[in-house]
Amino acid sequence: MWNDLKQRANAARANSILELCQQDSRFEDFSIKHGDLLFDYSKTHLKAADLDMLVDMVKDVPTRRNAMFSGEKINQTEGRAVLHTALRNLDGGPVKVGGNDVMPEITATLKRMQQFADDVRSGIFQGQGGAITDVVNIGIGGSDLGPAMATLALAPYHNGPRTHFISNVDGADATDKLALLKPETTLVIVASKTFTTIETMTNATTVRKWMETVVRDPAEQFVAVSTAAEKTAAFGIPSERVFGFEDWVGGRYSMWGPIGLSLMLAVGPDAFEEFLRGAQDMDVHFQTADLAKNMPIMLALIGLWHHQGMTFPTRAVLPYDQRLSRLPAYLQQLEMESNGKSVAMDGSAVETVTGPVVWGEPGTNGQHAFYQLIHQGRTVVPCEFIVAAQGHEDHLTEHHTLLLANCLAQSEALMAGRSMDVARGLMAAKGFEGAELERQAAHRVFEGNKPSTTLIYPKLTPFVLGQLIALYEHRVFVEGVILGINSYDQWGVELGKELAVSLTPVVEGNQSADNKDSSTRGLIEYVHSLRG
Ligand code: F6P
């Protein structure tokens with residue numbers, strides 16, 4: 001399958017995207033609309049026959065998809081179901097894991113979160129110094145990136161306490177964030193699925209000490225979000241402020257439940273529910289739309305076409321939406337932690353490269369940084385543009401018009417490029433002649449024929465954000481199924497964690513570095529010489 005894909009994709013490099021897009025029906029045939037959300041993949045090398053072949057690759061997906069939604073243990077290396085979709089199953093029926101319906105507990109936890117959020121936001125729940133003005137979420141990875149990304153994305157809906165996120169074990173993170181806050185009106189959420197993650201537990205202890213300097217009983221202003229009730233109790237957080245979830249919610253898929261508490265406190269339970277409804281809407285689309293008109297499936301297939309087929313090593317996520325500036329970081333975890341694997345579910349080696357490197361920055365800022373390489377460098381970077389038809393700033397519509405024009409201009413420029421003849425004409429008009437004209441013109445040539453896709457939505461509302469994130473989650477699932485890997489474990493993060501534990505006493509100077517290799521030993525000795 002992978003060789004066929006590569007051969008076909010390689011042959012497609014000769015297709016002119018511009019010529020394909022000069023056919024009137026191209027946009028209609030190579031885009032998908034679901035509600036108000038549009039996914040356009042017309043600016044790619046794909047032809048209709050390639051699409052047929054791609055859609056053939058997903059024939060196993062519906063069975064696996066149904067297995068996931070119905071609570072089967074598809075995370076086979078950890079023996080777990082994968083049911084983040086149950087967290088947004090607001091209108092759906094029962095979802096069973098091992099014969100037990102998990103929906104009553106999910107609904108009860110959501111109600112507790114809503115009640116708590118209402119109490120905090122209305123001032124019923126107070127800190128020692130009165131109403132809560134600030135919320136600090138301490139977590140990392142999936143216990144940070146989702147709520148941090150979404151809280152920023154939904155800033156126009158923010159009508160609760162200010163929210164802050166401490167994630168890095170670097171003391172600079174806690175220091176700089178805490179400097180803005182008063183302990184007596186701050187609520188701290190310790191968010192950790194396992195409640196053992198060293199960064200989170202170190203930050204939680206530091207923040208508790210900071211609070212202790214002013215607040216008589218800091219535990220009264222602490223909340224825990226975790227699957228490990230006994231560990232949250234050992235940390236001293238009373239059970240009425242512990243919001244639990246089950247191990248069938250993966251860390252990077254967990255923002256829909258209690259890990260989203262900081263978001264709910266910021267935007268309120270109603271907006272949070274809209275966010276869940278958007279995701280639920282995408283779940284239904286994913287389960288019911290025809291394969292060739294199914295947005296997550298086609299987004300996944302375009303990803304495979306570019307990475308496994310055309311062998312482009314990375315993909316850039318380019319939101320023309322400043323409030324989605326943390327989306328690339330969020331997607332790095334979602335995609336790279338899920339699909340950056342080398343071993344198939346059955347333990348054999350995967351026959352192809354797996355997840356691509358995902359990176360990006362919001363436009364238009366990126367245009368003034370790395371787009372030079374995208375337009376004229378030798379590495380082809382498939383670009384995934386994301387943009388709203390309207391901003392929230394009704395008084396600044398001219399900004400949004402410019403933003404949209406820039407986004408559309410970039411995909412057009414990548415496709416159309418600029419030929420040597422046109423470049424010559426431009427240089428001749430500037431008065432250049434002869435060899436100097438040739439030299440100057442060569443620098444102004446754009447090869448073009450570079451693929452991109454565009455996602456357009458009306459406005460970045462909570463509902464739309466829910467749709468978008470669920471779309472990416474299902475894309476990762478589909479890519480994982482086709483690759484034959486388990487997208488829901490993350491063994492690759494363990495080795496570094498283990499070595500960090502064994503290196504801590506060596507860095508402290510309490511243990512010798514003699515058993516380390518020369519490079520690591522040299523670095524440690526140099527660090528020691530600098531620390532004195
Ligand atoms: O570093 C890997 C990881 O396990 C992620 O998968 C997870 O999102 C993150 O660490 C945080 O884990 P926890 O929520 O258990 O603190």
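Just the heavy atoms: all of them, side chains too, but no hydrogens, waters or symmetry mates, feed the values below. Whatever order the structure lists ligands and atoms in, that order sets their numbers, starting from 1.
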Tell me which protein heavy atom sits closest to atom 9 (C) of ligand 1, plus the residue, atom name and distance to 0.1 Å.
-> Ile140 O, 3.6 Å
N-O pairing of Arg80 and Asp247 below 4.0 Å | yes
Please state which protein non-hydrogen atom is closest to atom 12 (O) of ligand 1 and give its distance, to 0.1 Å?
-> Thr197 OG1, 3.5 Å
Short list, please: which atoms of ligand 1 are under 4.0 Å from a heavy atom of Ser143?
-> 13 (P), 14 (O)
Is the shortest distance from a Lys or Arg side-chain nitrogen in Glu479 or Arg315 to a carboxylate oxygen in the other one below 4.0 Å?
-> yes
Hey, is ligand 1 close enough to Thr200 that some N/O pair sits below 3.5 Å?
-> no
Which ligand 1 atoms does Gln490 reach within 4.0 Å, using its non-hydrogen atoms?
-> 6 (O)
So which protein heavy atom does atom 6 (O) of ligand 1 come closest to, and at what separation?
-> Glu337 OE1, 2.7 Å
Atom 8 (O) of ligand 1 - nearest protein heavy atom and its distance | Gly142 N, 2.7 Å
Decide, yes or no, whether a salt bridge links Arg88 with Glu473 under the criterion of side-chain N to carboxylate O below 4.0 Å.
-> yes
Tell me, please: is Gln333 in heavy-atom contact with ligand 1, that is, under 4.0 Å?
-> yes
Under a 4.0 Å N-O cut-off, is there an ion pair linking Glu384 with Arg475?
-> yes
With side-chain contact (heavy atoms from CB on, under 4.5 Å) as the test, would you mind laying out the steps for Glu246 and Thr227 before giving the verdict?
-> CA-CA 6 Å; Glu246 299 295 329; Thr227 57; 5.7 Å; no
Under-4.0 Å salt bridge between Lys341 and Asp489 | yes
Give the residue and atom name of whichever protein heavy atom lies nearest to atom 15 (O) of ligand 1, and the separation in Å to one decimal.
-> Thr194 OG1, 2.6 Å
Salt-bridged, Arg521 to Asp517, with N to O below 4.0 Å?
-> no
of all protein heavy atoms, closest to atom 10 (O) of ligand 1 is Lys497 NZ, 4.3 Å
